[in-house]
Asker: 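Quick one: this structure, given as structure tokens, is what I'll be asking you about.
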Number of protein chains: 4
Amino acid sequence: MKNLKLNGLVAATHSPFKADGSVNYAVVEQQAAGLLKNKINFAFINGTTGESHSLTLEERKKLAARWLAATKGTKLKVIVHVGSNCVEDSRALSAHAQKIGAVAVAALSPSYFKPRHVGVLVDCCARIADGAPELPFYYYDIPALTGVSLSMPDFLAQGRAKIPNLAGIKWTNPDLFTFQLCLNAHPDMDLPWGNDEFLLAGLALGAKGAVGSTYNFGAPIYHRLIKALGRGDLATARVDQHRSCLLVKTLAGQPYGYMGAAKAVMGMLGIPVGPARLPNLSPTPEQVQQLRAELEAIGFFSWTK
Amino acid sequence: MKNLKLNGLVAATHSPFKADGSVNYAVVEQQAAGLLKNKINFAFINGTTGESHSLTLEERKKLAARWLAATKGTKLKVIVHVGSNCVEDSRALSAHAQKIGAVAVAALSPSYFKPRHVGVLVDCCARIADGAPELPFYYYDIPALTGVSLSMPDFLAQGRAKIPNLAGIKWTNPDLFTFQLCLNAHPDMDLPWGNDEFLLAGLALGAKGAVGSTYNFGAPIYHRLIKALGRGDLATARVDQHRSCLLVKTLAGQPYGYMGAAKAVMGMLGIPVGPARLPNLSPTPEQVQQLRAELEAIGFFSWTK
Amino acid sequence: MKNLKLNGLVAATHSPFKADGSVNYAVVEQQAAGLLKNKINFAFINGTTGESHSLTLEERKKLAARWLAATKGTKLKVIVHVGSNCVEDSRALSAHAQKIGAVAVAALSPSYFKPRHVGVLVDCCARIADGAPELPFYYYDIPALTGVSLSMPDFLAQGRAKIPNLAGIKWTNPDLFTFQLCLNAHPDMDLPWGNDEFLLAGLALGAKGAVGSTYNFGAPIYHRLIKALGRGDLATARVDQHRSCLLVKTLAGQPYGYMGAAKAVMGMLGIPVGPARLPNLSPTPEQVQQLRAELEAIGFFSWTK
Amino acid sequence: MKNLKLNGLVAATHSPFKADGSVNYAVVEQQAAGLLKNKINFAFINGTTGESHSLTLEERKKLAARWLAATKGTKLKVIVHVGSNCVEDSRALSAHAQKIGAVAVAALSPSYFKPRHVGVLVDCCARIADGAPELPFYYYDIPALTGVSLSMPDFLAQGRAKIPNLAGIKWTNPDLFTFQLCLNAHPDMDLPWGNDEFLLAGLALGAKGAVGSTYNFGAPIYHRLIKALGRGDLATARVDQHRSCLLVKTLAGQPYGYMGAAKAVMGMLGIPVGPARLPNLSPTPEQVQQLRAELEAIGFFSWTK
């Protein structure tokens, strides 16, 4: 299990809600089926896309258990994100993930109180990772949302000594300079790329896998991109990467924000993950129609057929 | 109850931990006694000083219940902070606070996902405040830690229409310009001051109450300051305010940070609130001795006799 | 001269431009007369309010010379701001200011390239101050605009050893904590307050003088405030401080920004300082009428009669 | 001239200083010869690497004239950077650049006063570009240093209507998302890449040219990288890109900073560009020896033979 590598596309899944805001667990099976149909081998659940910070501890556990049940016997493997402001909650979620059969856990940093230096972040991760000692542990670096911007080369250097099951970093960080430093200094570590809209840049620099939300609904775009790059056809790869940019631009440009827009796209594709929870916003039915029109105008539905 | 005003000093209390990191509920009685001895009339529990983001939901409830039990029949009233990233958790904590007899609830903003505009913040607060409809609700504005920096004049204007029990803002924000705008535009709202080290500035501009962590261990300094200002003796008030600055400078200047240092001071005063939880750090015994020496050198123990 | 203290109100003056954008030197005499009429004893010229960063070196010299000529024999003394990104330009301006008879020079930090630490800032200031060795030198701390946020207690401690003519800091910094630390650790240093909209807070904490742009057109408000505080009448002082807030709110709230609005107010008062230079914006004639109406609505013209 | 494209490597050159801090104009010929030897076709002078913000207006003009004289009749073409806080200075430098025969001008945004929105930035650039109407004009986007972070897609859309000689953007911005949006929406615009340490990412996404400081002393690394990418050999390209990262890491990691370290490297290569000006720092002779040893240890001198 220590040799797991999150190669290829990893979908960061949404948490499905009903109109009244409660969790709609029954949608998980549809989400899993959708990913399998799109040749996605890994689901990264309860992460940022999964609105984990807006879920209660019990909801996170129940969702994780449902995902493991829904994917049992399939090719789809489940990584459970356990990060939160409360290290003890994260540790409990980590232990739970191991118990139910996840293939890995990942955690972002506490971000209300922020680690003062890399050593504190390592200590937090060690405590969390120790809850699931048999699973690979990924640190999830996403400074734009946590405000925690510590040196990842230093994290790997210190972390590998103190976290026996450290497997790598989910790299949702635009810093391509330190990405290369980490890749080269720690070739055994796995650094799945977390910036969908410039995946091509990450792959060119040496990334092997990618975790993101647009792989839930735009996988064909990225499969083509990866195939084109594999045969040295940068021109084609760029065309699909630009499509990804137009898609993200369209979603992020909505007045209610990216999260609600992305969940609405899932609904358009027949997977009713429902609205977002506060403080994220959701579109009105009129806004969904408007979004659909914008997506048609850029060609989204033809790119992903 | 709607007419509650948090006038005077409000102590933002620490959460007591044992050496193994578990909550040390038995210390709550000592904390309450210490506040009463220092003529503090309000305890603001489970806030930033209370490391609420590092507590589990159950621990927050148990601590709140313990505080209400410990203060029953005394002059010390309890405000329960219920803010968290998860609005549903906040709402549940809010309902719990009302049930156990708190005099008010307060909540900071979700900060991993951030409200896109004031209207979203109002919606979040409305949902939380609605969990305790019979209690006054305070928004806790602390942009340095949440990264949520929205217009408080706009919040009050919109919030009073949508949150029936809105009582005011705990103002842990260095912006003295908008503080005055809020004070004057909403004279019925209560805006307790959250910046201990320049309380004198807040009082000069019209603040009536103050919530802070140094009131746990430095109350005499501030009682003198308030009394001096009351008789127009600015020179004396400044002397004590400068003492407060030296105290904060000493605590914040420790390599393990303000939280661990402040908790160590409580220990020096005979109230063993123990270490901090990760990602906050705690001093070693040697560091505690060093801190004590620094506090003696500035005169802290004589200021607070 | 080393004993100069910038007590009382110091007006940070505007640079007058013609409609074609060239400097309108002839207005300087009117500005000086206006300040004298309003019992202002110091003019701080070519600073932020003076759009110094948008002036050429020659224009800065000619403006400074004009101010010295215009104030000769009057009670109005002139402090010349010489800060810029280019330390050599600042040094040349400093030498020029001494030659023409300024009473002091002040300089903000280079801000494109930023000093890496306090020691570098001290070295920059030493080089600039050495251009005018007979004049008191003020460091002008304005982190909101320079992005240079270094410890002012450290600056004073290191600066007094390396800058023989260091006189103090123009404190355009909202940090009231370190303001007190500086005041108390360096009682011989002069720390004029640079935040007009909470001058009352600065005075309460011990400030003696104040440098700002609203003293050009709102001096009566602040003279009343200072007088009220002097007789211990905080309630009246607060009323005028709140007026200052309403004034600043009105000016800063215009779509073309504070600078253009403040210059338009000067025009309304009969001192035609003209438009602002790019990248600052200026109001259209219609916008000036709208601004005048808003100022009338808050009562500005009656406060300053 | 409107069809100029800054393809290939463009060296952002240093400004040479003597030990006393004055400009050492005589070194320009050596710099030019060094670039020609390294098959660099464009020199971008008086930019960030050229410490333009620390130069006086006259020095900028004299340096520009010297570069044009030194490159006359050679293959090396000169782009003059004219950006500054003072738009009028920038316009004067622009006119001067055209008069002396530069092939293009470029300007960053004023950054003390910051444009409030894209329209203001366009107006500033229009005024500057109009000083050299016969030359292509590049906006130089470098938000990390200016703090001006405006939408480049919007800038191109609005700028092409108002700036007749707009040629493109020097893209010293880590945002690979909007880079792709600009490339695709404005295929006639030239967007030379300004991030040396991830040039490979920029090229993969479609960049054609690159402006940077490491091309002064590390050109062979990048020539190999470009050649490898051209033949589809990503593995080799990555090796050289990682070398570039190690180089930048070594230079930026010095206590005196990147600028002084980069200038010291030039000295090691026989081109004595001298120390940096304040607020940039320069190494002591001992520090230069230490830097040389670190560069030898990573293999720098063998990579660039």
Side-chain angles (χ1 to χ4, degrees), chain A residues 17 21-23 47-49 51-60 83-93 108-117 119-128 142 144-148 150 252 254-260 276-282, chain B residues 17 21-23 47-49 51-60 83-93 108-128 142 144-148 150 254-260 276-282:
Chain A
F17 297 121
S22 62
V23 179
T48 299
T49 303
E51 295 171 81
S52 59
H53 286 87
S54 304
L55 297 170
T56 70
L57 191 73
E58 288 314 304
E59 289 170 339
R60 289 176 77 161
S84 94
N85 273 329
C86 176
V87 172
E88 291 312 298
D89 275 352
S90 292
R91 184 182 166 86
L93 288 169
L108 46 63
S109 174
S111 60
Y112 182 74
F113 296 121
K114 293 179 173 61
R116 290 170 71 86
H117 52 67
V120 183
L121 178 61
V122 168
D123 287 346
C124 291
C125 287
R127 176 96 188 129
I128 299 167
I142 182 166
L145 286 183
T146 58
V148 175
L150 294 168
Q254 302 305 318
Y256 44 89
Y258 181 85
M259 180 69 76
R277 274 191 181 170
L278 282 174
N280 286 307
L281 299 179
S282 304
Chain B
F17 297 121
S22 62
V23 179
T48 299
T49 303
E51 295 172 81
S52 60
H53 287 87
S54 305
L55 296 170
T56 71
L57 190 74
E58 288 313 306
E59 289 170 339
R60 290 176 76 161
S84 93
N85 274 327
C86 177
V87 172
E88 292 311 299
D89 277 352
S90 293
R91 184 182 167 85
L93 289 168
L108 46 62
S109 174
S111 61
Y112 182 75
F113 297 120
K114 293 179 172 63
R116 291 170 72 86
H117 52 69
V118 165
V120 184
L121 178 61
V122 168
D123 287 346
C124 291
C125 287
R127 175 97 188 128
I128 298 166
I142 181 166
L145 286 184
T146 59
V148 175
L150 294 168
Q254 303 304 319
Y256 44 88
Y258 180 85
M259 180 69 75
R277 275 192 179 167
L278 281 174
N280 285 308
L281 299 180
S282 304

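Every chain is numbered from 1, with letters handed out A, B, ... down the list of sequences.
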Asker: I'd like to verify something: which residue of B:G147, B:G257, B:S111 has the highest number of heavy-atom pairs under 4.5 Å with chain A?
Answerer: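 Answer, by heavy-atom pair count under 4.5 Å with chain A: B:G257.
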
Asker: When you check the gap from the basic side-chain N to the acidic O, do B:R127 and B:E88 get nearer than 4.0 Å?
Answerer: yes

Asker: Where does B:L108 contact chain A at under 4.5 Å (heavy atoms): side chain, backbone, both or neither?
Answerer: side chain

Asker: Tell me, do A:S90 and A:P110 make a side-chain contact under 4.5 Å, heavy atoms counted?
Answerer: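 No, their side chains stay 4.5 Å or more apart.
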
Asker: Under 4.5 Å, counting heavy-atom pairs only, tell me which of B:I142, B:L57, B:N280 racks up the most with chain A.
Answerer: B:N280

Asker: Counting only heavy atoms closer than 4.5 Å, note whether A:E51 contacts chain B via side chain, backbone, both or neither.
Answerer: both

Asker: So which of A:L281, A:L121, A:T146 has the biggest tally of heavy-atom pairs under 4.5 Å with chain B?
Answerer: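 Counting heavy-atom pairs under 4.5 Å, the top option is A:L281.
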
Asker: Quick one: what part of B:P115 sits under 4.5 Å from any heavy atom of chain A, side chain, backbone, both or neither?
Answerer: both

Asker: If we only count heavy atoms from C-beta on, is the B:N85 to B:F113 side-chain gap below 4.5 Å?
Answerer: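 No, too far: nothing below the 4.5 Å cut-off.
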
Asker: Side chain, backbone, both or neither: which part of B:T48 has an atom under 4.5 Å from a heavy atom of chain A?
Answerer: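 Both backbone and side chain.
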
Asker: Taking A:D89's backbone N and O only, do any of them form a donor-acceptor pair with B:T56's side chain (distance below 3.5 Å, no angle check)?
Answerer: no

Asker: Report which part of A:L55 has an atom under 4.5 Å of a heavy atom belonging to chain B: side chain, backbone, both, or neither.
Answerer: backbone

Asker: What part of B:L278 is in contact with chain A, defined as an atom under 4.5 angstrom from a non-hydrogen atom: side chain, backbone, both or neither?
Answerer: both

Asker: So, does B:S282 use its side chain to make a donor-acceptor pair with the main chain of B:A276 at under 3.5 Å?
Answerer: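 Pair found, side chain donor or acceptor close to backbone of B:A276.
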
Asker: Pick one of side chain, backbone, both or neither for B:D123, based on which atoms fall under 4.5 Å of a heavy atom in chain A.
Answerer: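 Interface part for B:D123: both.
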
Asker: Does some side-chain heavy atom of B:V23 sit less than 4.5 Å from a side-chain heavy atom of B:E58?
Answerer: no

Asker: Heavy-atom distance under 4.5 Å between the side chains of B:S84 and B:C86, does that happen here?
Answerer: yes

